[in-house]
Amino acid sequence: MKDYKLIFAVITVAIVWGTTFLAIRVAVETIPAWFVAGIRQFLAAIIMLIVLLSRKEFKWIGFKNLGYQIVFATLMLIVANGMTTVAEESVSSSLASLISACSPILVFLGSLAIGLQKFSLRSLAGVLLCFSGILFIFWDGLQDLANPDYRMGMIFLFCAIAGWASGTIFTKKLNIQSGNITLNLFYQFLFAGVVQIIFAFLFSDNYNFGNWSVKSISAMIYLAVFGSVAAFFAFHYALTKISPVQVSILAYINTIIAIFLGWLIMDEKISVKFILAAALIICGVFIINYKPEMFRKQKVV
């Protein structure tokens, strides 16, 4: 780890993606969720466009590739990111991060169903651990399900992780070559941003722009610049230096950071059952994704 750029990239991904759940919670305090999600993606698209123009890489990607990007954007950005943002209007950032950490379970089960993954006792143990963690979450907050807003928030969260898992499986199944990732992301961010802003005007009860606080606007800009763009570039730089399975370890750090920040800054209640649920889910996801090369040195050619 003498590569200081790599160290910086890894730290950036771990911290920034760990703070996005908190930033969303702050943003939706005064800004309707679909506006937060839509403006975030639209700003990210503008930043991507500036990068592409400066590199003279901006071009039309063709209708076939555009179709793929629209599918990715729908599943990963509109459904997964958008519904997580909507959910955080009624659930805590720490709970949202913990439920989102369960997405590898659905990826595994979906991959198993269509033959992309083989069944093993180790994977079964991981799935059972994750489900045990989810049971602890509902055991701790069962009475909260009587609140319709909280109940809808949980439904949105599970729709979000289903969207993320579907997008991941779609990528695996088609085995699509990434090409110019920045160019593809521009089209994804642009499509998602436009659709989500339309949703915002359609589904937001009150979008009085005068009520938007400076704190919420700042959090939304942070999500666009750092959560969507900076962390993405850092993530892909890390992938050029270390293996994907090694980078995947960051997902566990993200969840821990999100839970800690929710407790520290937003004064979110973290019970013993919640900590136990987090431990079970993180362990379960780790067991499902474990590969021996996670902890081996990666040779860079």
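Worth saying up front: this structure is predicted, and the values here are computed from it rather than measured. Side-chain atoms are counted along with the backbone in the values below, which use heavy atoms only and exclude waters and symmetry mates.
Linking Ile, Leu, Val, Met, Phe, Trp and Tyr residues whenever their side-chain heavy atoms come within less than 4.5 Å leaves Phe21 and Phe158 in two separate clusters. The hydrophobic clustering, which links ILVMFWY residues whose side-chain heavy atoms are closer than 4.5 Å, places Phe63 and Val194 together. Linking ILVMFWY residues whenever their side-chain heavy atoms come closer than 4.5 Å, directly or via other members, places Leu53 and Leu43 in the same cluster. At a threshold of 4.5 Å between side-chain heavy atoms, the hydrophobic network of Ile, Leu, Val, Met, Phe, Trp and Tyr places Phe8 and Val16 in two separate groups. There is a path of hydrophobic side-chain contacts, each under 4.5 Å, that joins Phe203 to Phe209.
In terms of heavy atoms, Ala224 sits closest to Ser228 at O-CB, 3.4 Å. What you find for Ser166 and Leu75 is that their closest heavy atoms are C-CD1, 3.9 Å. For the pair Gln196 and Ile78, the tightest heavy-atom approach, listed with the atom from each and the gap, is NE2-CA, 3.3 Å. Nearest approach of Ala258 to Ser93, heavy atoms of both residues: O-OG, 4.5 Å. Of all heavy-atom pairs spanning Gly153 and Ala87, the tightest one is O-CB, 3.3 Å. Minimum interatomic distance between Ile161 and Ser100 (heavy atoms only, all atoms of both residues): CG2-CA, 3.6 Å.
Annotation: side-chain hydrogen bond (donor to acceptor under 3.5 Å, both in side chains) contacts of Ser213 (sequence neighbours excluded): Thr30, Ser216. Residues passing the side-chain hydrogen bond (donor to acceptor under 3.5 Å, both in side chains) test with Gln188 are Gln69, sequence neighbours excluded. With sequence neighbours left out, the ring-ring contact (aromatic ring centres under 6.0 Å, His included) criterion links Phe232 to His236. In this structure Thr168 satisfies the side chain to side chain contact (heavy atoms under 4.5 Å, CB included) test together with Met76, Val107, Trp164, Lys172, sequence neighbours excluded. With sequence neighbours excluded, the residues satisfying side chain to side chain contact (heavy atoms under 4.5 Å, CB included) with Ala277 are Leu98, Phe136, Ile137. In terms of the side chain to side chain contact (heavy atoms under 4.5 Å, CB included) criterion, residue partners of Ser94 (sequence neighbours excluded) are, by chain and number, Ser92, Ile259, Glu268, Ile270, Phe274. Partners of Tyr222 under the side-chain hydrogen bond (donor to acceptor under 3.5 Å, both in side chains) rule, at least two apart in sequence or in another chain, are Thr19. Scanning for side chain to side chain contact (heavy atoms under 4.5 Å, CB included) contacts around Ala200 gives Trp34, Phe35, Ser204, with sequence neighbours left out.
The stretch residues 71-83 participates, sequence neighbours left out, in these side-chain hydrogen bond (donor to acceptor under 3.5 Å, both in side chains) pairs: Gln41-Asn81. Pairs of residues two or more places apart, or lying in two chains, that qualify as side-chain hydrogen bond (donor to acceptor under 3.5 Å, both in side chains) and include a residue from residues 50-63 are Glu57-Asn180. Listed by first and then second residue, the salt bridge (charged side-chain N to carboxylate O under 4.0 Å, His left out) pairs that reach into residues 222-233 come to none, sequence neighbours excluded. Identified under the salt bridge (charged side-chain N to carboxylate O under 4.0 Å, His left out) test for residues 275-286, with sequence neighbours left out: none.
We find the CD1-CD1 distance between Ile253 and Ile11 to be 10.0 Å, quoted to the nearest 0.5 Å. Distance check: Leu129 CG to Leu280 CG gives 6.0 Å after rounding to the nearest 0.5 Å. Rounding to the nearest 0.5 Å gives a distance of 9.5 Å between CG of Leu276 and NZ of Lys273. With rounding to the nearest 0.5 Å, the separation of CD1 in Ile99 from CZ in Phe156 is 15.0 Å. Atoms OG1 and CD1, from Thr20 and Ile257 in turn, are 10.0 Å apart once rounded to the nearest 0.5 Å. Atom CG of residue Leu261 and atom CG of residue Leu22 lie 5.5 Å apart, to the nearest 0.5 angstrom.
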Self-check item: Working for side chain to side chain contact (heavy atoms under 4.5 Å, CB included), residues Glu29 and Met266
Solution: CA-CA 11 Å; Glu29 284 181 343; Met266 301 298 290; 3.3 Å; yes

Practice problem: Applying side chain to side chain donor-acceptor pair (under 3.5 Å), run through Ser123 and Ser120 and close with a yes or a no. | Solution: CA-CA 5 Å; Ser123 298; Ser120 69; 2.9 Å; yes

Practice problem: Apply side chain to side chain contact (heavy atoms under 4.5 Å, CB included) to Leu190 and Leu49, showing your working. | Solution: CA-CA 10 Å; Leu190 181 63; Leu49 180 61; over 6 Å; no

Self-check item: Criterion side chain to side chain contact (heavy atoms under 4.5 Å, CB included) on Phe72 and Phe170, from CA distance to verdict
Solution: CA-CA 8 Å; Phe72 294 148; Phe170 179 76; 3.0 Å; yes

Quiz item: Given the rule in the side chain to side chain contact (heavy atoms under 4.5 Å, CB included) test, do Leu185 and Phe233 qualify, once you have shown the distances and angles that lead to the verdict?
Solution: CA-CA 11 Å; Leu185 263 183; Phe233 280 114; over 6 Å; no

Exercise. For the pair Phe235 and Trp17, evaluate ring-ring contact (aromatic ring centres under 6.0 Å, His included) and give the outcome as yes or no after the intermediate values.
Key: CA-CA 10 Å; Phe235 177 75; Trp17 279 351; 5.3 Å; yes

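Put simply, the side chain of Thr182 does not reach to within 4.5 Å of the side chain of Phe186, judged on heavy atoms. A 4.5 Å side-chain heavy-atom check between Arg40 and Ile221 finds every atom pair outside the cut-off. Within the 4.5 Å cutoff, no side-chain heavy atoms of Ser218 are placed close to those of Lys215. Counting heavy atoms from C-beta on, the side chains of Ile39 and Leu223 never come closer than 4.5 Å.
A 6.0 Å sphere centred on CG of Asn208 holds more than 12 heavy atoms belonging to other residues, nucleotides or ligands. Environment of CZ in Phe226: sparse, with no more than 12 heavy atoms of neighbouring residues, nucleotides or ligands closer than 6.0 Å.
The backbone N or O of Glu88 sits less than 3.5 Å from a side-chain atom of Arg25, completing a donor-acceptor pair. Listed for the Ser90 side chain is a donor-acceptor partner under 3.5 Å among the backbone atoms of Asp149. With Glu89 contributing its side chain and Pro32 its backbone, the two residues share no donor-acceptor pair below 3.5 Å.
Using bins of under 30°, 30° to 60° and over 60° for the plane-to-plane angle, the ring pair Phe58/Tyr187 lands in the parallel bin. A tilted orientation is assigned to the rings of Trp263 and Phe260, their planes being inclined by 30° to 60°.
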